[in-house]
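Notes follow the structure.
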Amino acid sequence: MSFKVGSQRNFKLIKNKHEQDREEDYYTDENYVVIKKEKLEETLPILEKMVMSDRDIIPKRKITSMVWNGPIMKIAGYFYLEDIPMQDEDKIKKRLVLQNEKEKEISIPLTDITIDKLNLDDSIEIDDLYLWSGFEGEINFAAITLNNKPLPASTYKVYLEIDISLNEDIKYKKIYPLGNVQQFLKEDFYTAKMEYFSGKQEMKYNLLATYDVGEKTLKLKSTKLKDIDPSKVNLSQSKKDSFLYKLMKSKGFRGLYKLFKLLPLNEKKVLFASDSRNDMSGNFKFVYDEMVSRNLDLNYHFMLKKGIDDKKSYKEIVSLAYNLATAKFIMLDDFYPMVYPLKIRKNAELVQLWHAVGAFKTFGFSRIGRPGGPSPKSKNHRNYTKAIVSSKNIAKHYAEGFGIDNKNVKATGIPRTDIFFDDQYQQGVRDSLYEKYPFLKGKKVITFAPTFRGNGQLSAHYPMEVLNLEKLYHSLKDEYVFLFKIHPFVKNDFSIPYQYSDFFYDFSSYREINDLLFITDVLITDYSSVCFEYALLNKPMLFFSYDVEDYVQKRDFYYDYQSFIPGPLVRSTETLIKRIQEGNFEMHKIKPFVNYFFDDLDGKSSQRVVDQIVLGMETEE
């Protein structure tokens, strides 16, 4: 075996350094000097010194692949300098460099790969001397800056930079155009939108990619289309009376509450209050139905709003103060800001029937000191007299998150999971869904249900470009349908391309995700608590967590994420497709996961909530 290592002009130099070697150790082949394998190791150091000082360096490069998905570009190719060895990965760096007219640069590292991983055309031959000349990279231009904002508005030309450091004295660094990439741009251009969301800024850009004929490289133009502060948009028409309204909602409300506390406590009054739902669904429905089914001598009152921004009337504020002050049982199911400054009266119960199951990502006071976390002085959640959880194993996390005593957290189970043990209910749901959506029949169902990105409702978004819809469609459409169940907080625009509308369906507005789980064959989620409910069905799930390092760093979890999830972690569309096609779902993880996060698997959580919290029955240890 032998290797081409240099041009004929250097043959004499090599021979002079190895006069003791035999003539047959080296021979010429057209314009190259060829060295036998056994002589390569001792010859390369000489060749390195020789070529690095040679002014006639010839670059060899080619972009072999450039694939776009929204603002994400995947690129691959090779880049080497003739006569310069590239057999040690640690001595080579390749980057994309974006230069604009203001001479500002953005440098993006590329991953070095061996040339055999490029799937080169048979007509292209690259000597093993340039083993590590290959590269690949994935660049998301919608989150390219240090603070994950889109590519700043400007026009950029894209270059390849090669940086070789063979030793302290021998270094080479230079940028070159990409070469002709016009073939990778349909109709000679490509365009995509780029978005950014935070509590104080909402931006939209347009990205245009073209080929610069004169420079022989890729040209990118980023144009800013929108830049607003969402907190100052869509303000209520009540601004004229905002001072009076704010006064009524704060001091007036608290004053009325104290006044109404002078009235007797109504031992039969149960108040269901929510600022996240305007109907009796979720845990509310199951607890209420359980109480009604027992014919308990109770009076029920309801104060339900679709969201925190859904304005309460003056009459509703007065009614809320009265009911909170006189009810024996106050049931909440989510964050409810108006109740937290109040001192709950003696013998009354403020019960948090928290909507989520299990303990996954940190929340509440577990997030003190983290982005979006509460102030240590916050009163939020701290006045709950009871909170429910699915297992004693996680009670401590809820006590910490709510800032309440451990003894106030009750492992009753989560009422809305009772339907996972009710075969008749499940069959009824399936029949109803199949009748309403006949396209669900005859194919397997994939449900995509990720949580949102951002620190709260104002900044909530999900970057749909991380999914390659085209690849999913062509790979899975014959066997599956794909349902989107996007979090209701998510505000960025998303529409299913018409050419894929026989495979992708948007079920984001469908209220109860648990009902969709009964017709789901594969669940794809990330950091959402939906994995707890779905695990009860013992069906496969995948965790599409493309940003897991960033999410762990900023949000954190109660458990190590990789060892916690009851299914495979996937980070790309390609891996997602492969796992589904191969049926490799790591199903053995589900049973121990369920046993840890659920104390009781009997469908009687609603009964335990009523028994332990409403009727005050003691639990058996």
Would you confirm whether [X], through its side chain, and [Y], through its main-chain N or O, come within 3.5 Å as a donor-acceptor pair?
{"X": "Gln352", "Y": "Asp334", "value": "yes"}
{"X": "Asn283", "Y": "Arg416", "value": "yes"}
{"X": "Asp506", "Y": "Ser508", "value": "yes"}
{"X": "Asn393", "Y": "Phe597", "value": "no"}
{"X": "Thr520", "Y": "Val522", "value": "no"}
{"X": "Ser319", "Y": "Glu316", "value": "no"}
{"X": "Ser475", "Y": "Ile577", "value": "no"}
{"X": "Thr362", "Y": "Ser366", "value": "no"}
{"X": "Asn383", "Y": "Leu342", "value": "yes"}
{"X": "Ser563", "Y": "Asp560", "value": "yes"}

Could you measure the distance from the [atom1] atom of [X] to the [atom2] atom of [Y]? Nearest 0.5 Å is fine.
{"X": "Phe420", "Y": "Leu517", "atom1": "CZ", "atom2": "CG", "value": "5.0 Å"}
{"X": "Asp422", "Y": "Thr417", "atom1": "CG", "atom2": "OG1", "value": "11.5 Å"}
{"X": "Phe543", "Y": "Leu576", "atom1": "CZ", "atom2": "CG", "value": "12.5 Å"}
{"X": "Lys485", "Y": "Thr525", "atom1": "NZ", "atom2": "OG1", "value": "11.5 Å"}
{"X": "Arg608", "Y": "Ile613", "atom1": "CZ", "atom2": "CD1", "value": "11.5 Å"}

Could you check whether any side-chain heavy atom of [X] comes within less than 4.5 Å of a side-chain heavy atom of [Y], counting everything from C-beta outward?
{"X": "Leu350", "Y": "Lys386", "answer": "no"}
{"X": "Leu151", "Y": "Lys149", "answer": "no"}
{"X": "Lys410", "Y": "Val389", "answer": "no"}
{"X": "Ile446", "Y": "Ile524", "answer": "yes"}
{"X": "Ser276", "Y": "His355", "answer": "no"}
{"X": "Tyr473", "Y": "Phe482", "answer": "no"}
{"X": "Phe286", "Y": "Val609", "answer": "no"}
{"X": "Met587", "Y": "Asn538", "answer": "yes"}

Working for side-chain contact (heavy atoms from CB on, under 4.5 Å), residues Leu324 and Phe253: CA-CA 11 Å; Leu324 287 172; Phe253 169 73; 3.7 Å; yes

Just checking, any donor-acceptor pair under 3.5 angstrom between side chains of [X] and [Y]?
{"X": "Tyr559", "Y": "His397", "answer": "yes"}
{"X": "Asp547", "Y": "Tyr527", "answer": "yes"}
{"X": "Gln427", "Y": "Asp423", "answer": "no"}
{"X": "Asp229", "Y": "Gln201", "answer": "no"}
{"X": "Gln612", "Y": "Thr412", "answer": "no"}
{"X": "Thr575", "Y": "Ser572", "answer": "yes"}
{"X": "Asp333", "Y": "Ser274", "answer": "yes"}

Ion pair present between [X] and [Y], side-chain N to carboxylate O less than 4.0 angstrom?
{"X": "Glu574", "Y": "Lys74", "result": "yes"}
{"X": "Asp310", "Y": "Lys306", "result": "no"}
{"X": "Lys443", "Y": "Glu479", "result": "no"}
{"X": "Asp502", "Y": "Lys477", "result": "no"}
{"X": "Asp599", "Y": "Lys392", "result": "yes"}

Taking the ring centre of each residue, are [X] and [Y] less than 6.0 Å apart?
{"X": "Phe448", "Y": "Tyr462", "value": "yes"}
{"X": "Phe302", "Y": "Phe284", "value": "no"}
{"X": "Phe484", "Y": "Tyr505", "value": "no"}
{"X": "Phe507", "Y": "Tyr437", "value": "yes"}
{"X": "Phe557", "Y": "Tyr561", "value": "yes"}
{"X": "Trp354", "Y": "Tyr384", "value": "no"}
{"X": "Phe365", "Y": "Phe402", "value": "no"}
{"X": "Tyr340", "Y": "Phe335", "value": "yes"}
{"X": "Phe564", "Y": "Tyr558", "value": "no"}
{"X": "Phe532", "Y": "Phe593", "value": "yes"}

Please say whether more than 12 non-hydrogen atoms of neighbouring residues, nucleotides or ligands are located less than 6.0 Å from [atom1] in [X].
{"X": "Lys589", "atom1": "NZ", "answer": "yes"}
{"X": "Gln499", "atom1": "CD", "answer": "yes"}
{"X": "Lys444", "atom1": "NZ", "answer": "no"}
{"X": "Gln581", "atom1": "CD", "answer": "yes"}

Test salt bridge (Lys or Arg N to Asp or Glu O under 4.0 Å) applied to Arg579 and Glu586, step by step: CA-CA 10 Å; Arg579 285 280 186 173; Glu586 301 176 6; 3.6 Å; yes

Evaluation steps, side-chain contact (heavy atoms from CB on, under 4.5 Å), between Glu349 and Ile330: CA-CA 6 Å; Glu349 297 281 6; Ile330 305 161; over 6 Å; no

Intermediate values then yes/no, salt bridge (Lys or Arg N to Asp or Glu O under 4.0 Å), Arg571 and Glu549: CA-CA 11 Å; Arg571 307 185 62 174; Glu549 294 98 344; 2.5 Å; yes

Test log, rule side-chain contact (heavy atoms from CB on, under 4.5 Å), inputs Phe141 and Leu220: CA-CA 10 Å; Phe141 292 107; Leu220 300 175; 3.6 Å; yes

Steps toward salt bridge (Lys or Arg N to Asp or Glu O under 4.0 Å) verdict (Glu465, Lys193): CA-CA 10 Å; Glu465 62 269 11; Lys193 67 178 179 181; over 6 Å; no

Step-by-step salt bridge (Lys or Arg N to Asp or Glu O under 4.0 Å) determination, Asp275 to Lys312: CA-CA 10 Å; Asp275 268 345; Lys312 295 177 177 65; 2.9 Å; yes

Stepwise side-chain contact (heavy atoms from CB on, under 4.5 Å) check, Leu353 with Val351: CA-CA 6 Å; Leu353 305 175; Val351 183; 3.8 Å; yes

